[in-house]
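Taking it in order: structure first as C-alpha cells, then the write-up.
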Amino acid sequence: MAIAESTNSSQDIVRQADTMLVTDHQFGDSRTIESRNVQRFAVGLCLIAEADPQHAHTLRRLSELTPDRLLPLMLDPVVRNVFEDDLAKLENGVRDSCGLGRLMAAPAGKPDDLGPCERMAAPHVRPWPAYGDAWLWTELHPTDEASADLAAHLRRLYDGSIEGGPATEPVIPTPDMSRRLTQGAELLTRLLPQVGTSVLRHVSVLGFTRAETSDGPLQSLSGGDPLPSAILMAPERLADPWTVAETLLHESAHLKLFDALRACSLLTDADQPVPIPWRKTPWRLVRVLVALHFYAHLLVFEQAVQQAGPELRATFGEPPAHQVVDEVSPGTEAARNGTYGSSAERARYLAEHVRTLPAGTLTPDGTRFMAWISEALTLVTGETNTDRSARPSIAGSVDGPDMEYAAGTVVRRTDGVLGRPLPECGQLLLANKASGRMHWLNARSWLIYSLCGDDEVRTVTAEYGRRSGTDLQTSRRHVTACLRELTVLGLVGTAGK
C-alpha cells in the first residue's frame, strides 16, 4: 500500500511539473512565445527596411504576411541568422550593410509553405509532423544560383556552430535513422505530453554530425544565433528511443528558451565566467541559467522514465540502465571525485551559484525566471532551500538617471516609433527607428505610455490612477518610474524635445 501511494505521488508530481513548465506566459507557453516572435519578426523587418531603401518594399511586404506564411520563412536557419545579424548591426549604429533585403529579394527567398533551405532538402522529411514543422537535414539540392548561395551560407553556419569547426560533412540520415528519430519524439510526448509537444514546436531543422569538442566527442547541440532554430545530433544518440527522447528534450528546451529570450533579458552581466566542476572550461553566466532551465526539465523527464509502465516498455523497449545525463568531462574535478554525475547535483550547484549573485545581477525578468525554475525544482526534488520572496511584480522597471517631473511638465510620445500591441500577452512591442532597438512594455508601462499624448504629468497621473484603481501616492510612484524608463529608451520626451 505504501509503495502504491508513493508511485501515485510521484506520478502526480510529474503531471504537475509537466503543466507548470508550459504555463508561464513569459517562459513556458510556446504559443505565447511564438506570438511574440511573430510580432518581433514583423517589426524587425520594418526596422531593417528603414535602413535598406533599395529593398524596403520587399521587406515591408514580408512583414505583412500572416503568421502561417511568415514563420516558415523567418524560422529558416539562414534567414533568421541574417535577420538577427542585421538587428544587431542596427542596434550598434551600423545602417549600411544589412543583408536580409538582398537575401529576400532573391528567388530563394520567396515565401511559400516551406522555408528556403527546407525547399532544397530531398528527400523531404518531417520527423514529427503531429507536433511541429521541423524538417530533417537530408541532401540539399540547389536549383539555381540563389539557392546555391543559400546552401553555401547554411554550410558556413554549420561549420561555425561547433567549436573548432566540424570534422566531417553532415551525416545524411538513412530511412532507419529517420524512423528512430520519429520514435524518440513519440516517446518524449508520451512521457511528458505537455512539455514534449511544447518544446518540439521550437525546432525548425534537425541534422546529424560527428565532431570533437574540448569536452570530448559531440553528443548534440542546439543553435542559438550561429545556427538558429536547429539541432545537430551525433548519430550514436539514436541508439535507443529513450536516449533520443532525452536528446530532443535537452536541445529543444534550449531552443524554446532562446525564443523566449528574444523578448526579455535575464542578466545585467551575462558574460561573467562561472567554474563548472564537470566541464573543463568555465561557462558564461547566461549559460548557467540556460542549463538550469534544462535540468528542471530533465529531472521531470527522469521521474517520468522511472514510472514508465509496461505499455511504454513493450513499445519502446527498456530504458538504459545508466542515468540519462551527459557524462562528466575527463580530467575535471567531477571526474576525479565521482561527483556531479546526476542532474539533481548539477541543478543544485547552479542554483546555489545564482542565489549568491550580487544584487542587481538578475533583471526583474531574471528574478521572475529564477522563481519559476526554483518552483519547478522544488516540486520535483522536494528541496525547499529556495527563496521565493524575490518574485517581482510583472510590471517591473529598469534603472535610469535620477529625473523628476514637475506636475505641470508636458510629456509626449516621441516620433519614429513602430508599435505592435499583443493584448493576449498583456504587452506592447515598440521599435525605436533612431536607435534600432525593440522594447517590450508590460501592461502598466503600456497604459502610461498611451497616456503620454501632449498632456501634463499631473493629468497622466490622475488618469492612470483612475484606470488602474491606485491611490494618488502609488500612481505618482508608478508614473514617475515608468516615465524615467521610457525617457531613457527614447520613447517619451517632454514637450518641445
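Reckoned from all heavy atoms, side chains included, excluding hydrogens, waters and symmetry mates. One is the number of the first residue; the rest follow in order along the sequence.
Under a 3.5 Å cut-off, the side chain of K256 and the backbone N or O of G28 do form a donor-acceptor pair.
Of the inter-residue distances, the one linking L90 atom CG with S435 atom OG reads 9.5 Å to the nearest 0.5 angstrom.
Side-chain contact check for L249 versus E246: every heavy-atom pair is 4.5 Å or farther apart. Residues P228 and E84 form no side-chain contact, since every pair of their non-hydrogen atoms from C-beta on lies 4.5 Å or further apart. Annotation: side chain of Y295 is not in contact with side chain of I373 (no heavy-atom distance under 4.5 Å).
The existence of a salt bridge linking E311 and R190 is confirmed by a sub-4.0 Å separation between a basic side-chain nitrogen and an acidic carboxylate oxygen.
Around CD of E145, the count of heavy atoms belonging to other residues, nucleotides or ligands within 6.0 Å does not exceed 12. Heavy-atom contacts from other residues, nucleotides or ligands closer than 6.0 Å to NE2 of H124 number more than 12.
Using cut-offs of 30° and 60° for the angle between ring planes, the H293 and F369 rings count as parallel. Below 30°, between 30° and 60°, or above 60°: for W283 and W278 the angle between ring planes is above 60°, a perpendicular geometry. By the 30° and 60° cut-offs, the orientation of the rings of H353 relative to Y349 is parallel.
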_Please evaluate residues T209 and Y158 with respect to the criterion side-chain hydrogen bond (donor to acceptor under 3.5 Å, both in side chains), reporting the C-alpha separation (whole Å), side-chain torsions for both, the decisive distance (0.1 Å), and the verdict._
CA-CA 10 Å; T209 189; Y158 166 86; 2.6 Å; yes
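The closest side-chain donor-acceptor pair between S220 and R237, if any, does not fall under 3.5 angstrom.
Residue E302 is tested with V305, V300, L298 for a side-chain contact (heavy atoms from CB on, under 4.5 Å); the sole match is L298.
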